[in-house]
Amino acid sequence: MFLELKAQAISILKDAIRKVGFEIEDSELYFETSSHADLTSRAAFRLASLYKKNPKEIASRIVSAIEIPDGSYVGEVNASGPYINFRAGRHYLNRTVAAVLEEKEKFGCGAPKDRILLEHTSANPNGPLHVGHIRNSILGDTLARILKRAGHDVEVQYYVNDMGRQIAVVSWACERFELDLSRKSDAAIADVYIKANSELDKNPEYVKEIDALMENVEVGDIRTIERFDKAVFMAIAGIKETLLRLNVVHDKFVNESRFLKSGAVHDIVERIKATGRTKTDKGAIVVDLSDYGFEKTLVIQRSNGTSLYTTRDLAYHEWKAGQADRIIDVFGADHKLISGQLRATLNAIGIKEPEVVIFEFVSLPEGSMSTRRGQFISADDLFDRVTEAALEQVETRRPETAYEFKKQIAEMVGMGAVRYDIVRVSPEKSTVFNWKEALDFEKQGAPYIQYSHARACSILEKAKEEVTWNSSGKIDSSLLIEDSEIDLVKKMAMFDSIIDLAARELKPHVLAIYARELADAFNQFYRFVPVIASEDEEVRAARLALVECARIVLANSLDTLGIEAPESM
RNA sequence: GGGCUCGUGGCUUAGCCUGGAUAUAGCGCUGGGCUUCUAACCCAGACGUCGGGGGUUCAAAUCCCUUCGAGCCCGCCA
C-alpha cells in the first residue's frame with residue numbers, strides 16, 4: 001500500500017515542479033519517511049542549489065502548484081520550511097483496510113520475481129549446531145521467507161561438507177573412540193571429535209592417518225567413503241532435528257562429494273588453468289587473483305593431487321549458477337576473504353557470482369566458539385533453557401490452563417524469543433552471548449509481538465460470543481477516525497514496503513523492527529479505543545474489522561520472521 | 001605488520017551506503033495506571049562529547065583524512 005502512496009506522491013510532486021518551471025531527476029526528489037508526515041520530500045534543497053534560490057521559497061512555490069487528483073491516496077500536501085510534507089488521505093486508509101481483509105495471509109506479497117538459490121547454515125557435520133551457527137540459520141531462513149513474500153521463487157540449500165579434513169578427523173574419531181549412543185547423535189559425534197583433536201595435538205604422527213583417509217576418499221575407496229558417510233549422517237540427523245525445532249527449513253542438502261564424483265571438480269580446475277592465471281607452487285596449483293585485489297594466491301589443488309573445500313565450492317557454485325537467476329550465500333565473517341576469492345575466480349571463468357551476506361561472530365565471554373576445542377554452547381542447550389524459562393512464565397501468568405497448553409506456548413514463546421533476539425540486530429555487529437539476556441522475556445521482543453496477536457485473537461473470539469458480528473459483512477472504515485486507529489492502519493500499510501526494502505537490501509532486521517512497531521501501534525489502539533464496548537454498532541463493526549486486520553498483519557509479520565503466532569498465551 | 005567490520009545514554013540497539021526539521025527504540029532507573037476486550041500491557045520522567053582529533057559543506061552520527069579501542073581474516077583447514 002505504502003509503495004502506491006509513494007508512487008502517487010512522486011507523480012504529484014513531479015507535476016508541480018514542472019508547472020513552476022523547474023527540472024529535476026526522479027532520483028533527486030529525495031523522498032523519506034519522517035515523524036513530521038507520512039512522506040517527506042527534500043527536493044527543495046536540491047532545486048535550491050540547482051537554481052541558486054532559497055529552498056523555503058521553492059518549497060512553498062511548489063506546494064502552491066500541487067494538484068491532488070480525485071481518489072488519490074495523498075490527502076494533503078504542505079510545506080514546512082524547505083520540506084514538502086505529504087499526508088495520506090482517507091482513500092489510502094480505507095483501501096488499506098479493504099486490501100488486508102481481501103488478501104489476508106497474502107497481504108504484503110509482491111509480484112512474481114526471479115528465481116533465487118539461497119545457501120545458509122552449511123555447518124560442518126562434526127558436532128551439533130551452536131549459538132554462532134544459528135545466527136546463520138536464522139538470518140538465512142528469515143531472508144528466504146522475506147524473499148518469498150517479496151515474490152521470488154526461492155530454493156534453500158545446505159551444503160554438506162562430507163569429505164574435508166575435519167570430516168576425516170570425525171571418521172577417524174569414530175573408529176578410535178566409542179560413540180555414546182544414549183546422546184543425541186550430533187552431540188555424540190562432537191564428543192569423539194573433540195577427543196580426537198586433542199589426541200592429534202599430542203601425537204602429530206597421527207596426521208598421516210588423516211591424510212591417508214582423505215586420499216582414499218578422493219580416489220573413491222568404498223570402505224572409507226562408507227565410514228565418512230556414517231559419521232556425516234549421524235551429525236546431520238542431529239542438526240536437522242535442531243533446525244526443525246528452530247522452524248528453519250531447507251529444500252535440499254547437497255553433498256560436497258558429488259562434485260568430485262561427477263568430475264565437476266576436475267573440469268573446473270581445467271577451466272581455471274585455461275585462463276592462464278594458475279601456476280605451480282611446491283607441487284600445488286594456485287590461482288593468481290592479484291588483478292582482483294587479492295595479494296594471496298588461492299590454492300585449488302594440493303601437492304598430493306587432492307581437491308580442497310574451495311575447489312569443490314567452486315564446482316558447487318557453477319552448478320548453482322545454472323539453476324537460478326541469483327545466488328545468495330549466508331556466511332560467517334571468517335569467510336570474508338575466501339568468499340571474495342571464490343567470487344573473483346568464478347568471475348574469471350565467466351560464471352555468475354553469488355551475492356554474499358556476511359554476519360559477524362557470536363562469541364562467549366571467554367572467547368570465540370570452537371567445536372574442535374569443545375568450547376561452545378549448543379543450540380539445543382539454549383533452546384531447552386529458553387523454553388524452560390518460558391514455561392515458568394506461562395505457569396505464573398496462566399496457572400489455570402492445561403499442561404499441554406503451557407508446554408505449547410512455552411515452545412512458541414521461547415523459540416520466538418531466540419529467533420527475534422538474533423534477527424533484530426544487524427548482521428555486521430559482533431555479539432557476545434549472555435545467558436541472562438538470552439533468558440530475559442521482559443524486554444520488547446518476540447513475546448511482545450506474539451502477545452499483541454493473542455490479544456487481537458481474544459477480542460475477535462469474545463466478539464463472536466458476546467455480540468452479533470458478521471466478520472464477512474460490509475464495514476465502513478471511514479468510521480476509524482481516532483489517532484490510534486489511523487496510526488495503526490498506516491503502520492499496517494507499511495508492510496509491503498518493509499518487505500520490499502528487506503528483500504532488496506537483504507536486511508531482515510528491518511522486518512524485526514517493523515513487527516515490534518506494529519505491535520506497539522496495536523497495543524496503543526487497544527489501550528485507548530474500546531472495541532466490543534463501542535456503543536455504536538457500525539463503529540464496533542469497523543473496529544472489529546480493524547482488529548482482524550491487525551491480527552492478519554501481525555501474523556504475516558511473525559510468519560515471515562519464522563515465529564509462531566499463538567491465538568492465546 | 002596488512003586487509004575487512006564494528007564503536008551511538010549504565011547496558012543492548014536503529015539511523016550511516018543515498019548529508020538536511022527536536023538522534024531511534026528497548027532493558028534498567030524514577031513516578032503513575034487493572035470493578036472495562038489478556039497488565040507478557042499502557043502513560044509520564046531522568047539519562048547522549050553519536051570513541052577522540054582534524055577536514056569538506058549553507059548543513060556531518062552520516063562523506064574524507066587521522067588516531068584509539070574491539071572482533072574477524074591473512075593455512076596445501078573449512
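Quick note on labels: first sequence line is chain A, next is B, and so on, each numbered from 1. None of the values given here were measured: they were computed from a predicted structure.
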(message) Would Phe86(A) and Phe31(A) count as a ring pair (Phe, Tyr, Trp, His ring centres under 6.0 Å) here? Give the steps.
(response) CA-CA 10 Å; Phe86(A) 292 74; Phe31(A) 269 100; 5.5 Å; yes
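Here U57(B) sits opposite no nucleotide as a Watson-Crick or G-U wobble pair (both hydrogen-bonding atom distances under 3.5 Å). In this entry C6(B) has G69(B) as its Watson-Crick or G-U wobble partner, both defining distances falling under 3.5 Å. Across the strands present, G1(B) finds its partner in C74(B); the criterion is a Watson-Crick or G-U wobble pair with both atom distances under 3.5 angstrom. Across all strands shown, U38(B) has no partner, as no Watson-Crick or G-U wobble contact with both distances under 3.5 Å is found. Taking a pair to require two hydrogen-bonding distances under 3.5 Å in either a Watson-Crick or a G-U wobble arrangement, C11(B) pairs with G26(B).
No option in Leu200(A), Ile194(A), Asp201(A), Val169(A) other than Asp201(A) meets the side chain to side chain contact (heavy atoms under 4.5 Å, CB included) test with Arg372(A).
Following rounding to the nearest Å, Ile449(A) (CD1) and C41(B) (P) show an atom-to-atom distance of 11 Å. In this entry the distance linking CD of Gln166(A) with C1' of A78(B) reads 5 Å, nearest Å. The interatomic distance linking Asn304(A) (CG) with C77(B) (P) rounds to 9 Å, in whole Å. Look at CZ on Phe361(A): it is 13 Å from C1' on C4(B), rounded to the nearest Å. Look at OH on Tyr193(A): it is 13 Å from P on C77(B), rounded to the nearest Å. Across the protein-nucleic acid pair, Arg372(A) atom CZ and G75(B) atom C1' stand 13 Å apart, rounded to whole Å. Distance, Leu364(A) CG to C72(B) P: 11 Å, rounded to whole Å. Taking atom CG of Leu391(A) as the reference point, atom C1' of A40(B) lies 15 Å away to the nearest angstrom.
Of the residues near RNA chain B, Ser368(A) and Tyr309(A), the one whose nearest nucleotide (by heavy atom distance) lies more toward the 5' end is Ser368(A). Annotation: of the two residues near RNA chain B, Ser122(A) and Ser363(A), the 5′-most nearest-nucleotide partner is Ser363(A).
Looking at Asp536(A) and Arg543(A), no side-chain N of the basic residue comes within less than 4.0 Å of a carboxylate O on the acidic one, giving no salt bridge. Salt-bridge annotation for Glu218(A) and Arg302(A): absent, with no side-chain N of the basic residue lying under 4.0 Å from a carboxylate O of the acidic one. Here Lys491(A) does not pair with Asp520(A) in a salt bridge; the nearest charged N to carboxylate O distance is not below 4.0 Å. Between Arg385(A) and Glu388(A), no side-chain nitrogen of the basic residue sits less than 4.0 Å from a carboxylate oxygen of the acidic one, so the salt-bridge criterion is not met.
When all heavy atoms of Gly414(A) and Ala390(A) are compared, the pair lying nearest together is N-CB, 4.0 Å.
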(message) Generate the contact string for nucleotides 15-30 of chain B. Rules: B means base contact, S means sugar-phosphate contact only, - means no protein heavy atom under 4.0 Å.
(response) S-BB-BBB--SSS---
(message) I need a per-nucleotide contact map over nucleotides 34-39 of chain B, read 5' to 3'. Cutoff is protein heavy atoms under 4.0 Å; write B for the base, S for backbone only, - otherwise.
(response) ---BBS
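At distances below 3.5 Å, at least one donor-acceptor pair connects side-chain atoms of Arg312(A) with backbone N or O atoms of Ser307(A).
Shown here is Glu25(A), whose CD atom has no more than 12 heavy atoms of other residues, nucleotides or ligands within 6.0 Å. Residue Asp483(A) places its CG atom among 12 or fewer non-hydrogen atoms of other residues, nucleotides or ligands, all under 6.0 Å distant. With a 6.0 Å radius and a threshold of 12 heavy atoms from other residues, nucleotides or ligands, Glu395(A) has its CD atom above the threshold.
The side chain of Arg424(A) sits closest to U13(B) out of C41(B), A40(B), U13(B). For Tyr448(A), the side-chain atoms get nearest to C42(B) when compared with the rest of C76(B), C42(B), A40(B).
Contact annotation for Val547(A): no contact, since no heavy-atom pair falls under 4.0 Å across all strands. Looking at heavy-atom distances under 4.0 Å, Gly164(A) makes contact with sugar-phosphate atoms alone, never a base. Nucleic acid contact class of Arg312(A) (heavy atoms, under 4.0 Å, all strands): sugar-phosphate only.
A donor and an acceptor atom, one from each side chain of Ser257(A) and Asn255(A), are nowhere located under 3.5 Å apart.
Contacts between residues 329-344 of chain A and RNA chain B, counted as heavy-atom distances below 4.0 Å, involve Ala333(A), Asp334(A), His335(A), Lys336(A), Leu337(A), Ile338(A).
Close placement of the Tyr159(A) and Tyr316(A) rings is indicated, their centers lying within 6.0 Å of each other.
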